[in-house]
Asks: 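Before I ask anything, let me first share the structure, which is written out below as structure tokens.
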Amino acid sequence: MACEPNRVRLLCMLSLTFGFFIVEVVVSRITSSLAMLSDSFHMLSDVIALLVALVAVRFAEKTQATNKNTFGWIRAEVMGALVNAVFLTALCFTIILEAIERFTEPNEIDSPYIVIGVGAAGLLVNLLGLCLFHGHAGGGHGHSHGGGGGGHGHSHGSGGHSHGKKKTGQICKSEKPNSSSSETNTLVVVDHNSPNGVNSENRGYDFSKDGTELQTNGSPLYDDVDHSSAAQLNMRGVFLHVLGDALGSVIVVVNALIFTFVWQPCLPDEACLNPCINSHSTDHQHVNQTLVGLTDPGAYRMAGPCWVLYMDPTLCIMMVLILLYTTYPLLKESALILLQTVPKQIDMHQLNEKLLCLEGVLAIHELHIWQLAGSRIIATAHIKCHDPTAYMDVAKRIKDFFHDEGIHATTIQPEFVTFSSDSRDSLCELSCRTQCAPKLCCGSADKAAEKKAASEADDGLREVSPATLEVISEDPEQAAALPLVVTPEPAAAPREAESFL
Amino acid sequence: MLPLSAKDDEYKPAKLNLLAKTSGWFRAILSDQTSRNLFFFLLLNLSFAFVELSYGIWSNSLGLISDSFHMFFDCTALLAGLAASVISRWRCNDSFSYGYVRAEVLAGFVNGLFLIFTAFFIFSEGVERALEPPDVHHDRLLPVSVAGLLVNLVGIFVFQHGGHGHSHGDDGGHGHSHSLFNGSANHKDSHTDSHGGHGHSHGGHGHSHGGHGHSHQDQHSHQDQALYSQGVFLHIVADTLGSVGVIISALLMQKYDLMIADPICSMLISLLIGVSVVPLLRESIGILMQRTPPTLDHALPECYQRVQQLQGVYNIQEPHFWTLCTDVYVGTLKLLVAPDADARWIQTQTHNIFTQVGVRQLYVQIDIAAM
């Protein structure tokens, strides 16, 4: 399958991270350090993020339509990206909470050497992940929290910084054969959220479009392209996680190193005072918390510089800010796709105008364009044209026009000009009933149309074929009247058909 | 010549009239039953959170402070629901051709995710506490738990009735109960616990539930309403059980000194929350994945048959039906028809057939077969 490499990489990272999680849990039990245990839970949450991405990739590979999911599962990757982004945001909040707690109550690191060791191991895993995923739209995890002993606990996180938005996903695309044909349309697949990155998808694809292809949208060619560009979104989410972890483990190691070299702890058998830890934690493990029993005030020394203890939360907060800054575009983009937004590269006004310029197109209503996932854009519209014979030509022209814009799945409903409707070019022929008017876009126009149609439906009933269309838009009572009106219709139809032929 | 016409409106820069905007939002929120309830519940939760925060600062209890932070976190979920209920009413524009109605589904989904995250977090705290039980100060535990339970009960009462409100979706977290704080003190050691001070189960951490917003209109199939309001209710019940659980564990700890009761309660509650979120997630994922509406699963094949029996229709191709938001279904269809068929009549009939099952936005493309 086209995106197999992604899956393999995800699996690799998943197993590495999970292994590391187990290691941390074991070490935390051995050293009975609660901070490391909590850190391992953070890692578990990263494992879950990787799992989500993996599930999304697996699902999205099934791009064939099923009965229930007529579009296939291609949206799964956008969902995976959203879930990851939301998860990252929630994690950021948690880290901020912990950092604030740490500010009010600073803690020393109990065994800094273990912390450095675990932190370095985690950093290695992370870097490995970064290398693996760097060329493939990110992804990968690896963590390292190394939260060892006291003090730390977390600070992990997913940093994320501009992880070089080089989402290329080249591998997926290179496997797609381009069928050359007489007619070439260039598909501009824009990865619209990589402002500075390489837009690897700006390549031309040749699609053969002729009359017979009007009925087939969503051919397998598209699936691979969409899959890979949607996969990028998903992989980006995972990549952010990994980077965050890398940053987190860097912070852990740096903090532990500074702590080892700068901090002068109070040794257990020495009389000294630790001014940084206030009397809140009266039962703290370290001795020297209390001043009780110190006979000679001048003989004790102070424990190391206090600012060292505040470095951990400060660095954490910085990391969180970086992370939030980089997660926000991902969150926004996946949310916009799920909200059925018009894709950014398409300008509705311009499209409308160009469509109106096409020969045979009298009016356009209810134009909806939305993005399914990646580069797969779907458009639906009502197009008013003269009569059914001209319709097939117009339909072909419209399809070609949309293909030029990069929209390949279109459904165009024709509306034919009725004899009485020359003056009402801008209204829908088959408009919605009143209930959905406020929910739709032909909003105010439709309300006016319905009122007009209501008044003309009575006239319409007297005319035979064209006006029956208007009856549809009325309320249920009139819809019930429809069967009565329809029967003359087939009789009229052959008469009309003759005139068209 | 100087231009005489004065279409000054076009050239006025958009004024950011913040006051007008916010008052507009307030009006929108207050106009609708469910979002009104949500708003007041949010205020209740926020005030409880502030009270807890100030009490924690005054009594220097880190546990209380951290718990109040968790409550603020829950309030953001409620806020998301409120935002969704306002946003989904905005008019459609160039970038959002369908309008913003999907916002409520998205908000419900995001809330469900937050809930799962919270459940996971609480579970992990419970495990930590089980492995290394910290000392818990009971004295502050009981009154705060009872207060939390009361807030929960208010939520049950309000959302049981307001649930069917036809409001437009707030798929927001509502009903929440708020977190119960508890005890605190454990700054004793492990700072990690201090999140909790929870020495307990995060007290029914008010979770914002993923709201289900029942959004949709009155004449709609009550089936959907029932699902949504059922979801809200389930969540509030879970939170109430959480508060009850905290009270029980507090009592157990006081009377029998059973420290293990607390983490076990935490874990049970997190499992409860996780389980209750699943239906909401399933439904919102279905909608977001453009799945065929479940209510139409049985009706659609019959419709296809009827359409194929229309005179002149050879074939139906590429039918796609999906849910825009609750009870608003959109469909696209391609029909292959004979060259001498009456396209208009076929279209009308098709629209009729599908309108009867509830699909009002249908796009029927007619492809005339070449002879």
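In what follows, chains are A, B, ... by sequence order, proteins preceding strands, each numbered from 1.
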Asks: Would you give the length of the straight line joining atom CD of B:Gln311 to atom CD of B:Gln349, rounded to the nearest 0.5 angstrom?
Replies: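 These two atoms lie 11.0 Å from each other.
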Asks: Does any heavy atom of chain B fall under 4.5 Å from the side chain of A:Ile383, the backbone, both, or neither of them?
Replies: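 When you check distances to chain B, no heavy atom of A:Ile383 falls under 4.5 Å.
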Asks: Side chain from CB out, backbone as N, CA, C, O: work out which of these in B:Phe120 comes under 4.5 Å of a heavy atom of chain A, or both, or neither.
Replies: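 Side chain of B:Phe120 only, per the 4.5 Å heavy-atom cut-off to chain A.
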Asks: Look at A:Val83, A:Leu339, A:Val86 and state which one has the largest set of heavy-atom pairs under 4.5 Å with chain B.
Replies: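 Highest number of heavy-atom pairs under 4.5 Å: A:Leu339.
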Asks: With a 4.5 angstrom heavy-atom cut-off, is it the side chain or the backbone of A:Leu372 that approaches chain B, or both, or neither?
Replies: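 For A:Leu372, the side chain is the part near chain B, not the backbone.
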Asks: Heavy-atom distances under 4.5 Å only: say whether A:Leu336 touches chain B with side chain, backbone, both or neither.
Replies: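 Just the side chain, heavy atoms under 4.5 Å.
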Asks: Measuring heavy-atom distances to chain A, does B:Leu288 have an atom under 4.5 Å in its side chain, in its backbone, in both, or in neither?
Replies: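 Both parts, backbone and side chain.
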Asks: Which atoms of B:Pro319 come close to chain A, meaning under 4.5 Å heavy atom to heavy atom: side chain ones, backbone ones, both, or neither?
Replies: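 Backbone of B:Pro319 only, per the 4.5 Å heavy-atom cut-off to chain A.
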Asks: Are B:Trp90 and B:Phe96 side-chain neighbours, meaning at least one heavy-atom pair lies under 4.5 Å?
Replies: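 No, side chains not in contact.
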Asks: Checking B:Tyr100 now: which residues fulfil side chain to side chain donor-acceptor pair (under 3.5 Å) with it, not counting sequence neighbours?
Replies: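 Counting only residues at least two positions away or on another chain, B:Tyr100 forms a side chain to side chain donor-acceptor pair (under 3.5 Å) with B:Asn93.
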Asks: Using heavy-atom distances under 4.5 Å, tell me whether B:Phe123 contacts chain A through its side chain, its backbone, both, or neither.
Replies: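 B:Phe123 has no heavy atom closer than 4.5 Å to chain A.
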Asks: Would you mind checking which part of A:Ala381 comes under 4.5 Å of any heavy atom in chain B, side chain (CB onward), backbone (N, CA, C, O), both or neither?
Replies: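 Just the backbone, heavy atoms under 4.5 Å.
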Asks: Between A:Ile48 and chain B, with a heavy-atom cut-off of 4.5 Å, which part of the residue counts as in contact: side chain, backbone, both or neither?
Replies: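 The side chain, not the backbone.
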Asks: Please report the interatomic distance CZ(A:Arg75) to CE(B:Met289), rounded to the nearest 0.5 Å.
Replies: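 Between atom CZ of A:Arg75 and atom CE of B:Met289 there are 9.0 Å.
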Asks: Is B:Leu300 in contact with chain A via its backbone, its side chain, both, or neither, using a 4.5 Å heavy-atom distance?
Replies: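 Neither; nothing under 4.5 Å.
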Asks: Any salt bridge (charged side-chain N to carboxylate O under 4.0 Å, His left out) pairs touching residues 287-296 of chain B, not counting sequence neighbours?
Replies: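 Only B:Arg291-B:Asp297 qualify under salt bridge (charged side-chain N to carboxylate O under 4.0 Å, His left out).
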Asks: Students often mix this up, so state it plainly: with edges at 30° and 60°, are the rings of A:Tyr391 and A:Phe416 parallel, tilted or perpendicular?
Replies: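 Rings of A:Tyr391 and A:Phe416: perpendicular, over 60°.
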Asks: With a 4.5 angstrom heavy-atom cut-off, could you sort out which part of B:Leu296 is near chain A: side chain, backbone, both or neither?
Replies: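 Neither part.
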Asks: Measuring from A:Ile74:CD1 to B:Gln290:CD, what's the distance to the nearest 0.5 Å?
Replies: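 Atom-to-atom, A:Ile74:CD1 and B:Gln290:CD are 11.5 Å apart.
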Asks: Mind checking the OG1-CD spacing from B:Thr355 to B:Gln361? Nearest 0.5 Å is all I need.
Replies: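 The distance works out to 11.5 Å.
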